[in-house]
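Here the structure is laid out as C-alpha cells; the discussion comes afterwards.
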Amino acid sequence: MTVTPPPPRSAGRAATAVERASTVLGRLRRGRLLHPAGRSFVGETVIWGTPGPPTGVALLDHPGRYRTTVRLSKGTPTPGSWPDVLGLALRLHRDDGRPFDLLVSSSGAAPVLRNLPLPRRRFTGTYSTITCYRAGRRRLWLAALADPDSVDLGRSLDTAAAATRTDTPRLVLAVASAVGPWRLVGQVSFGAQLGAEQDAALAFDPVRNLPPELRVAGPLAWLRDQTYRGSRRARGATAQSGGSTAATV
C-alpha cells in the first residue's frame, strides 16, 4: 500500500521527527495519543454490495459477512455528554488474516461537510473518513450513518455501552464520491462490550490495514501514518494488536 511522503530530501527526517514526537506524547499520556477515551465491543458487519457502479473494491462491491471489533470514542476527551469530535473505529476480520481498519469521525453528511470533523453530543449520527481513499482513479469517501430503525446510542460512552446490554445498536455503512450522494453498502451491529484490558490493547492502522485495491489519499495521509506509528510505539502495540475473539454479535 502506497502512502504519499513529503519531498525525498526531508522525508526521512520528517518521519523520524513526527513518530518520535507522537511516541513522547503517547508516553506522557500513558495511553492512546488519539481518542484515548472509548468503549470497545464485539460486532458484526454485513456487506450488501455496492448499488450502482462498482467501486473497484471487492470487499465493498460483493456481499459478505465479517466478524468485527467496534470502538466508540471521544477525541479530546470532554467530560460526560459534552460536545466532542466523536470517533468510530471498525476492524473487519477477514479470512486471509489481514484486517480492514476503518476509522471515521463525527461529521456532516453533505459533500462539503463530510470533509470536516464536527463536534457533537450524540453517538448516533454521521461519521465519515474526512479524507478520501483512492481505488484506481476513483476517489471514495466511506461513512457510517444513523440507522433510523436502531436503538439510539445516547450522549455518552456509558449510555452507548448501556444500549448494547439491552438491544443491538446498528449503523449503516455507505460510500460516496466527492460530491455524490451516499450509497448504502452494508450495516455494522454492536454486541457485548469488551473488557477494559481488551480495549487498552486494541490498536488500529487506518493507513495500512486496507483491502489491496484501496489506499489513503490526500496530504494528511503521510502525517496520519507517522502519528499512529508513534502512538502504537508508545503503548508497545502493533498495527494488528487486539480485537474481539467472539464469532458474531
Side-chain angles (χ1 to χ4, degrees), residues 22 25-26 28-41 43 68-91 101-132 141-176 178 181-182 184 187-190 193-194 196 199-200 202-204 206 216 218-221 223-224 227-228 230-231 234-235:
S22 300
L25 291 172
L28 289 173
R29 199 164 200 171
R30 298 182 180 180
R32 285 183 175 84
L33 178 60
L34 305 171
H35 287 258
R39 303 286 189 276
S40 295
F41 307 89
T68 304
T69 303
V70 183
R71 187 173 193 266
L72 289 171
S73 60
K74 301 191 73 172
T76 308
T78 58
S81 60
W82 288 21
D84 204 337
V85 174
L86 307 180
L88 170 70
L90 305 177
R91 169 163 288 170
D101 288 351
L102 175 63
L103 274 63
V104 288
S105 300
S106 54
S107 68
V112 174
L113 296 180
R114 69 182 56 152
N115 296 294
L116 299 174
L118 300 176
R120 70 164 183 253
R121 292 179 182 272
R122 306 200 74 87
F123 277 92
T124 297
T126 298
Y127 298 82
S128 86
T129 49
I130 307 299
T131 58
C132 70
W141 277 257
L142 300 180
L145 310 176
D147 183 337
D149 297 322
S150 171
V151 62
D152 188 75
L153 289 166
R155 294 191 176 191
S156 71
L157 290 167
D158 289 339
T159 60
T164 67
R165 292 194 289 270
T166 58
D167 209 321
T168 305
R170 299 180 304 275
L171 293 170
V172 178
L173 302 179
V175 62
W182 292 111
L184 306 184
Q187 178 181 270
V188 58
S189 303
F190 296 63
Q193 183 178 348
L194 299 177
D199 176 73
L202 185 59
F204 296 91
V216 178
L220 295 180
L223 178 62
R224 197 179 192 192
T227 302
Y228 273 92
S231 179
R235 298 194 288 133

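The figures here come from the full heavy-atom set of this structure, side chains too, leaving out hydrogens, waters and symmetry mates.
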dist S40:OG -> L202:CG (nearest 0.5 Å) comes out at 5.0 Å
Separation between CZ of F123 and OG of S73, rounded to the nearest 0.5 Å: 7.0 Å
Enter the distance from S128:OG to L116:CG here, rounded to the nearest 0.5 Å. 8.5 Å
For W182, the side chain to side chain donor-acceptor pair (under 3.5 Å) test, sequence neighbours excluded, returns none
Residues in side chain to side chain donor-acceptor pair (under 3.5 Å) contact with T126, at least two apart in sequence or another chain: none
Correct closest heavy-atom pair for V188 and V70 would be CG2-CG2, 4.0 Å
Rounded to the nearest 0.5 Å, the OH atom of Y127 sits from the CG atom of L72 at a distance of 5.5 Å
Could you pull out all residues at least two apart from R155 that satisfy side chain to side chain donor-acceptor pair (under 3.5 Å)? none
Are the side chain of K74 and the backbone N or O of L157 linked by a donor-acceptor pair below 3.5 Å? no
Counting distance only, does the side-chain N/O of R114 pair as donor-acceptor with the main-chain N or O of A109 below 3.5 Å? yes
Check G80 against S156 and note the closest heavy-atom contact, atom names and distance. O-CB, 4.0 Å
Worked verdict on L194 versus T69 for side chain to side chain contact (heavy atoms under 4.5 Å, CB included): CA-CA 9 Å; L194 299 177; T69 303; 4.1 Å; yes
A side-chain contact here means heavy atoms from C-beta on lying under 4.5 Å apart; do R165 and Q193 qualify? yes
On a heavy-atom basis, which atom in A161 and which in T164 lie closest, and how many Å separate them? O-OG1, 2.6 Å
Just how far is it from atom OG1 of T78 to atom CG of D84, taken to the nearest 0.5 Å? 4.0 Å
R39/D199 salt bridge by N-O under 4.0 Å criterion: no
Rounded at 0.5 Å granularity, tell me how far CG in L142 sits from CG in L173. 8.5 Å
Where do L88 and L171 come nearest, in terms of heavy atoms and distance? CD2-CD1, 3.7 Å
Quick test of your reading: applying salt bridge (charged side-chain N to carboxylate O under 4.0 Å, His left out), list the pairs with at least one residue in residues 117-126, sequence neighbours left out, ordered by first then second residue. R122-D152
A178 meets the side-chain contact (heavy atoms from CB on, under 4.5 Å) criterion, sequence neighbours left out, with R139, W141
For V172, what residues pass the side-chain contact (heavy atoms from CB on, under 4.5 Å) criterion, not counting sequence neighbours? W48, D147, L184
Ignoring hydrogens and angles, tell me if any N or O in the side chain of T124 forms a donor-acceptor pair with the backbone of L153 under 3.5 Å. yes
Can you name the residues that form a side chain to side chain donor-acceptor pair (under 3.5 Å) with S106, not counting sequence neighbours? none
Minimal non-hydrogen separation, S105 against I130, with atom names: CB-CG1, 4.2 Å
Of all the heavy-atom pairs spanning P169 and S150, show the shortest one and how long it is. CA-OG, 3.5 Å
